[in-house]
Number of protein chains: 2
Amino acid sequence: MATFRKQYVVARHVYSENSFAEDHEKIHRVHKTMQDHVKEYLTCDAKRAKNAALSLLPIIGWMRIYRVREWLLGDVVSGISTGLVAIMQGLAFSLLASLPPSYGLYTAFFPVLTYLFLGTSRHISVGSFPVLSLMVGAVVTRLVPEDRAPANITAFEGLTQDQQRVLVASSVTFLMGIFQLAMGVLQVGFIVVYLSDTLVSSFTTAAAVHILVSQLKFVLGLSVPGLSGPLSIISTLEKIFVQITSTNICDLVMSILIMMIVFIVKELNDIYKAKLPVPIPIEVIMTIVACGVSYGFNFEKRYDVDVVGKMISGYESPIAPSIEVFQESAVEAFPIAIVGFAVAFSVAKVYSIKHDYTIDGNQELIAFGVSNIFGASFRSFAASTALSRTAVQESSGGKTQIAGLISAMMAMIVTVSLGFLLEPLPKSVLGALVIVNLKGMLMQFREILYLWRRDKPECVVWVGTCLGAILLGLDLGLAVGLGVELLTVIFRTQFPRCSVLANIPGTDLYRDRKDYQHIFEPKEVKIFRIPSPIFFANIEFFRDKLIEAVGFNPLRVLRKRNKALRKIRKLLQEKDSHIIERGLGGLFCQTTDDSNMKMEELDLPTDLKGLPFRMDWNAELPADIIVPRVDLHSLILDFSAVSFLDISALKGLKMTLKEFIRVGVDVYIVSCDAYVLEKLHVCMFFDDEILTSMFFPTLHDAMLHTLEKHKEGYSKSCVLADTKL
Amino acid sequence: MATFRKQYVVARHVYSENSFAEDHEKIHRVHKTMQDHVKEYLTCDAKRAKNAALSLLPIIGWMRIYRVREWLLGDVVSGISTGLVAIMQGLAFSLLASLPPSYGLYTAFFPVLTYLFLGTSRHISVGSFPVLSLMVGAVVTRLVPEDRAPANITAFEGLTQDQQRVLVASSVTFLMGIFQLAMGVLQVGFIVVYLSDTLVSSFTTAAAVHILVSQLKFVLGLSVPGLSGPLSIISTLEKIFVQITSTNICDLVMSILIMMIVFIVKELNDIYKAKLPVPIPIEVIMTIVACGVSYGFNFEKRYDVDVVGKMISGYESPIAPSIEVFQESAVEAFPIAIVGFAVAFSVAKVYSIKHDYTIDGNQELIAFGVSNIFGASFRSFAASTALSRTAVQESSGGKTQIAGLISAMMAMIVTVSLGFLLEPLPKSVLGALVIVNLKGMLMQFREILYLWRRDKPECVVWVGTCLGAILLGLDLGLAVGLGVELLTVIFRTQFPRCSVLANIPGTDLYRDRKDYQHIFEPKEVKIFRIPSPIFFANIEFFRDKLIEAVGFNPLRVLRKRNKALRKIRKLLQEKDSHIIERGLGGLFCQTTDDSNMKMEELDLPTDLKGLPFRMDWNAELPADIIVPRVDLHSLILDFSAVSFLDISALKGLKMTLKEFIRVGVDVYIVSCDAYVLEKLHVCMFFDDEILTSMFFPTLHDAMLHTLEKHKEGYSKSCVLADTKL
């Protein structure tokens with residue numbers, strides 16, 4: 001290869017961190033204390049006040065730049081299309097929440113009104129979301145089961161079952177709103193970062209399975225009580241299969257027909273996306289057709305088909321949430337709040353990046369909190385956004401929440417005056433439409449294979465979360481998934497691959513010695529790389545790996561040396577000193593008594609004072625004194641990947657280093673992060689054995705230093721030996 | 001300074017990872033697959049079988065080396081002293097478990113018998129442990145409360161309250177044994193690494209508070225029902241204060257007296273440790289004295305003092321555990337199993353290091369599992385070890401578990417024939433002895449200050465665990481503590497301090513540019529250090545920090561450029577090309593219509609094909625086209641601390657790098673770990689934009705490379721400009 005190659009030439013002093021600090025003075029930087037931060041946070045001036053007010057009412061921001069001529073038409077068109085979808089989804093998702101369909105229309109109306117003022121996203125369509133509806137439904141069916149008496153809640157007295165359910169749903173939604181508002185006020189919106197893509201994908205897949213199972217009863221025309229709690233999915237399936245013979249054929253045929261048509265048309269929409277001006281609104285068409293057919297042939301009476309039935313015309317009076325329901329459902333309302341926000345935020349983020357404006361997580365939390373509290377007061381249930389509906393709103397030209405407002409108006413019109421048209425609609429049609437829309441979510445099962453090939457731990461997270469959420473229910477499953485996910489991070493940090501490095505000849509580079517054939521490794525120097533942060537859970541692991549790498553346990557060597565030293569001292573006391581010179585071997589056979597030795601003393605540094613000769617532990621000692629050889633004079637620890645240390649790690653590290661130093665091994669630490677070094681100082685890491693002079697900026701500096709030092713050492717000891725002779 | 005300084009000289013090629021790989025061939029290492037590991041694990045030969053048998057019965061190991069003459073005396077002496085302590089502690093800790101005192105003696109006997117054969121530790125004294133006794137007591141008082149009817153368990157029928165309690169305690173112990181045995185068989189003993197020193201210190205402090213509160217009623221001679229569950233400590237204290245006026249003065253005076261004497265003598269023992277042959281066994285003396293006084297003055301009748309009372313003479317028949325109790329207490333038995341093992345293991349480890357033999361965590365789990373199952377069958381309760389008792393056993397000369405066997409025999413003698421002597425012992429004396437022994441555990445409160453000064457996150461873990469364990473109970477508190485502890489690891493990894501590096505002139509070293517005054521930073525090169533692993537929770541954080549560091553958002557720049565390019569192309573189509581040469585400004589004022597642009601296209605690389613001129617984005621563009629300036633030609637990312645990457649991080653990183661590459665910034669990654677690089681290959685990180693040639697072994701290599709490349713670039717463009725002119 002005759003490529004032109006640039007040269008790398010460096011000639012400088014060999015630096016230790018200490019000598020480097022002498023040559024290059026560090027600027028003393030005053031770090032802000034916690035007080036400063038608090039003070040800064042609490043400071044208020046006119047500009048900050050104005051900004052705070054503006055950020056609390058984002059509508060002011062986008063209203064000021066609203067281009068009526070360009071945007072209004074888009075918003076109106078988009079609002080009408082989104083409105084149709086929102087009405088359909090409202091009806092269908094209220095079945096997931098085990099509520100009468102008209103409350104789904106409430107959810108498409110009330111929350112939008114407040115989000116309009118408070119929300120920072122201009123493109124999301126606020127309203128029902130299937131996963132959230134299902135989670136609310138789980139609480140509803142737990143507290144007001146179909147086939148048993150409802151929970152013992154005083155506010156239930158005198159209410160019909162449906163009214164009880166609405167009370168539960170709106171109370172849970174209210175509580176969820178309180179959680180969201182509180183999180184927004186406390187500025188903890190960042191917690192959604194813990195819901196990684198993998199977790200969300202797995203969780204929504206599990207939710208799709210739950211939704212599928214929950215809709216089966218509508219599609220088959222069976223009456224199965226809604227169940228919730230761990231393993232409820234299995235008993236629901238069991239109950240369905242037990243009654244499978246009483247399937248309503250009319251419902252089933254209609255559902256299958258609708259699913260097929262919708263599926264095919266949606267695929268066509270996808271294929272001819274570029275050619276069609278707008279996608280064919282097949283779901284709306286099918287709903288209208290189904291309504292007509294059902295009314296015309298009187299499905300309800302003739303085939304005993306379960307229809308939507310009496311729609312409440314107009315709005316009911318506001319409702320106060322029940323504190324007792326709060327107590328019963330607090331554990332479930334929290335994951336609902338998290339999931340609702342996480343979905344809305346992630347969808348909003350996609351469109352904010354696309355259209356280049358900023359959204360504010362904490363303000364979104366406040367907006368959804370207030371919207372849910374407001375909505376719940378008017379009997380609507382948990383609102384977030386649905387990806388499909390938001391996609392319609394954005395793709396049909398929606399520019400701002402004006403589109404959301406118009407879609408809310410559509411829902412209002414249906415509630416107030418057109419609701420009766422939907423009364424003959426069979427519930428199986430709604431179920432079929434929900435199921436056919438699960439395709440995308442269920443396709444996520446393919447992730448398993450993708451992740452398995454690339455990253456096994458994440459595959460474990462995916463499968464664990466999904467199984468957990470399917471079997472234990474969505475709320476517990478989310479907790480399990482989060483736990484597994486965070487544990488994988490711990491595991492990855494905890495069990496990294498350590499390696500022993502060696503020099504690539506002719507360079508200042510050091511690589512894993514097992515990876516290269518031609519490599520320079522001075523026999524008495526070991527370079528050990530610690531490839532991750534050190535903390536309580538892996539300090540022992542590193543200690544073991546280090547001992548394995550160097551080939552001896554320094555503590556054991558130290559103790560053997562100290563024991564040997566005692567024997568020698570005893571000999572020196574008992575015998576004439578000339579025996580030593582003649583050699584100790586053979587003269588001496590009684591064993592010293594272990595029991596009067598204090599074990600603790602054995603761990604102290606070997607005390608060579610007062611010995612009349614130079615001790616060389618690697619030379620041959622008298623026959624009955626055996627001390628393991630230590631063929632190492634220097635140990636270099638590569639700290640470049642140690643991004644933090646905790647107190648346990650610090651203690652363990654200090655102990656280990658001392659053991660090495662006490663058996664005469666020089667320990668060097670290289671490429672240590674400036675903050676880690678600072679922390680070591682704060683935590684009194686250094687004493688008279690562990691010195692700051694052990695730190696070197698690079699491996700090569702430390703290596704040159706130790707080679708130089710021990711070259712001298714050897715020659716000197718040779719000289720000494722020579723002069724002695 | 002005239003110190004002699006060594007020189008650091010390196011002259012070699014500038015290497016990128018690619019050219020380095022060309023020069024230095026890597027050995028192809030075949031990593032073991034999971035199959036190999038499984039195969040290896042399942043392979044069996046004679047040697048492995050023998051080792052497995054030996055490791056299952058560690059007694060064989062130490063019996064073979066038993067030195068009768070030297071060790072037996074020590075074991076016997078130690079066994080007798082430990083036996084006295086074990087009897088005392090057995091009686092006292094059975095009060096913590098809310099059981100009659102004689103069962104404490106059972107616990108000092110049965111578990112020892114099996115541990116003798118199965119345990120790997122030669123020094124720990126197996127038996128009751130206060131924290132564990134208290135945790136068992138919490139289950140006992142929950143299922144068999146003093147003042148209400150017991151839980152609805154069929155096995156309770158026909159039993160007295162005490163018998164019910166013994167049944168509950170032994171069933172919980174049995175279940176705990178099953179958990180421990182299962183963990184041992186599954187080889188998951190490593191989980192105790194998650195119980196860091198901080199966590200254990202905090203947890204035991206909280207346990208001490210619980211123990212203190214639970215003993216108050218004995219010391220004051222009050223009758224307070226034992227409570228358990230969250231906040232029970234507050235209601236217990238409330239109940240005690242309500243009745244404080246009915247304190248039994250005799251109990252109180254006796255307790256205070258005993259506590260004072262024991263405290264003082266223990267301090268003296270400490271001070272004259274070196275001079276005393278054995279510490280004064282003050283607790284045993286006080287117990288004997290109290291027994292005598294109580295019997296002589298008939299405290300029970302005369303002062304209504306609560307005494308130990310009727311001791312069962314001899315052993316009762318074995319008992320079968322109750323499955324119903326298992327179901328009721330499974331959630332509590334698991335933390336009991338963990339705590340029991342963790343304490344025993346940590347104590348055993350201390351002595352194994354001291355006496356230089358190895359202990360095996362999984363075998364210890366098996367030993368304790370079997371011992372607890374065996375003990376529970378004979379009505380004893382949860383066994384582990386107590387630090388104080390083990391210290392007595394070791395310091396009085398115990399060498400092996402023979403000492404434990406002898407101490408068990410002592411307990412047996414008391415149970416079988418001397419129990420009646422203990423009958424007049426007031427319970428308040430036992431309570432006082434328990435309380436005075438809490439000193440060490442309560443002193444751990446000082447840790448708070450120590451940790452606060454050194455490491456705030458660990459201080460939070462300490463306080464959180466302690467408060468959690470005090471208020472919520474020990475089992476829930478342990479879970480909370482573990483959660484907080486693991487979250488701190490996540491937090492530390494998640495929010496590290498990023499920095500921008502620059503060259504220290506005259507060296508190949510790079511440091512935080514804010515830290516040094518004289519530093520070389522080429523204006524158009526940025527070096528960004530990522531100081532921690534990258535994963536789902538911090539990839540966004542790094543992206544933001546990176547954008548902040550370089551001063552522009554590459555995606556926004558890219559879009560602006562693409563928009564500008566469209567305008568220019570339109571101009572070129574509409575107007576003559578000479579307009580371009582005359583300058584575009586002023587000629588042109590209609591705005592292009594945003595709505596017919598496809599947003600997605602804006603994110604693609606700028607397509608400069610077909611343009612009749614060279615585009616220089618930083619030159620002045622026509623007045624109505626504004627594109628942000630990019631003053632950067634190279635971005636170097638220091639990956640030395642990136643010890644792992646997950647899939648989310650990989651996707652995010654790829655996206656970010658692409659954005660930079662598309663606005664014409666060369667991106668280099670340096671000091672990337674070999675395993676991380678391998679993973680990037682596996683996960684298809686590279687494509688036609690992200691090339692493997694971006695990797696360099698050191699910062700200096702990348703810096704030299706980019707300076708060289710752009711020196712050429714400049715000169716060439718100058719040349720081009722010149723020739724044009």
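Residue numbers start from 1 in every chain, and the chains themselves are labelled A, B, ... in the order their sequence lines are given, proteins ahead of strands.
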Leading residue by heavy atom contact count with chain B [cutoff under 4.5 Å; candidates [options]]:
{"options": "L650(A), V642(A), D515(A)", "value": "D515(A)"}
{"options": "Q517(A), E485(A), K679(A)", "value": "E485(A)"}
{"options": "D701(A), L199(A), D197(A)", "value": "D701(A)"}
{"options": "R529(A), K514(A), M684(A), H518(A)", "value": "K514(A)"}
{"options": "D673(A), I504(A), V682(A), V192(A)", "value": "I504(A)"}

Using heavy-atom distances under 4.5 Å, tell me whether [X] contacts chain A through its side chain, its backbone, both, or neither.
{"X": "L486(B)", "result": "both"}
{"X": "T493(B)", "result": "both"}
{"X": "L645(B)", "result": "backbone"}

Considering only heavy atoms, which portion of [X] lies under 4.5 Å from any heavy atom of chain B: side chain, backbone, both, or neither?
{"X": "F190(A)", "result": "side chain"}
{"X": "L704(A)", "result": "side chain"}
{"X": "K651(A)", "result": "side chain"}
{"X": "L487(A)", "result": "side chain"}
{"X": "P697(A)", "result": "both"}
{"X": "L451(A)", "result": "side chain"}
{"X": "F639(A)", "result": "neither"}
{"X": "Y675(A)", "result": "side chain"}
{"X": "R453(A)", "result": "backbone"}
{"X": "S499(A)", "result": "neither"}
{"X": "T698(A)", "result": "side chain"}
{"X": "L680(A)", "result": "neither"}

Taking every non-hydrogen atom, the tightest pair across [X] and [Y]:
{"X": "H13(A)", "Y": "Y8(B)", "answer": "O-CB, 3.6 Å"}
{"X": "P531(B)", "Y": "S643(A)", "answer": "O-CB, 2.7 Å"}
{"X": "Y194(B)", "Y": "Q494(A)", "answer": "OH-OE1, 2.6 Å"}
{"X": "I647(A)", "Y": "R454(B)", "answer": "CD1-CB, 3.6 Å"}
{"X": "H24(B)", "Y": "Y516(A)", "answer": "O-CE2, 3.5 Å"}
{"X": "K354(B)", "Y": "R559(A)", "answer": "O-NH1, 3.5 Å"}

In terms of heavy-atom contacts, does CD1 of I191(B) have more than 12 from other residues, nucleotides or ligands at under 6.0 Å? yes
Just how far is it from atom CG of D356(B) to atom CG of N553(A), taken to the nearest 0.5 Å? 7.5 Å
Point-to-point distance, once rounded to the nearest 0.5 Å, from CZ of F536(B) to OG1 of T198(A):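 The OG1 atom of T198(A) is 8.5 Å from CZ of F536(B), to the nearest 0.5 Å.
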When you check the gap from the basic side-chain N to the acidic O, do R12(A) and D508(B) get nearer than 4.0 Å? yes
Is E540(B) reaching over with its side chain to a backbone N or O of V193(A), donor-acceptor style, under 3.5 angstrom?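 No: the side chain of E540(B) does not pair with the backbone of V193(A).
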Evaluate the side-chain proximity of [Y] to [X]: yes if any heavy-atom separation is below 4.5 Å, no if none is.
{"X": "I353(B)", "Y": "L555(A)", "value": "yes"}
{"X": "T507(A)", "Y": "Y15(B)", "value": "yes"}
{"X": "D646(B)", "Y": "R492(A)", "value": "yes"}

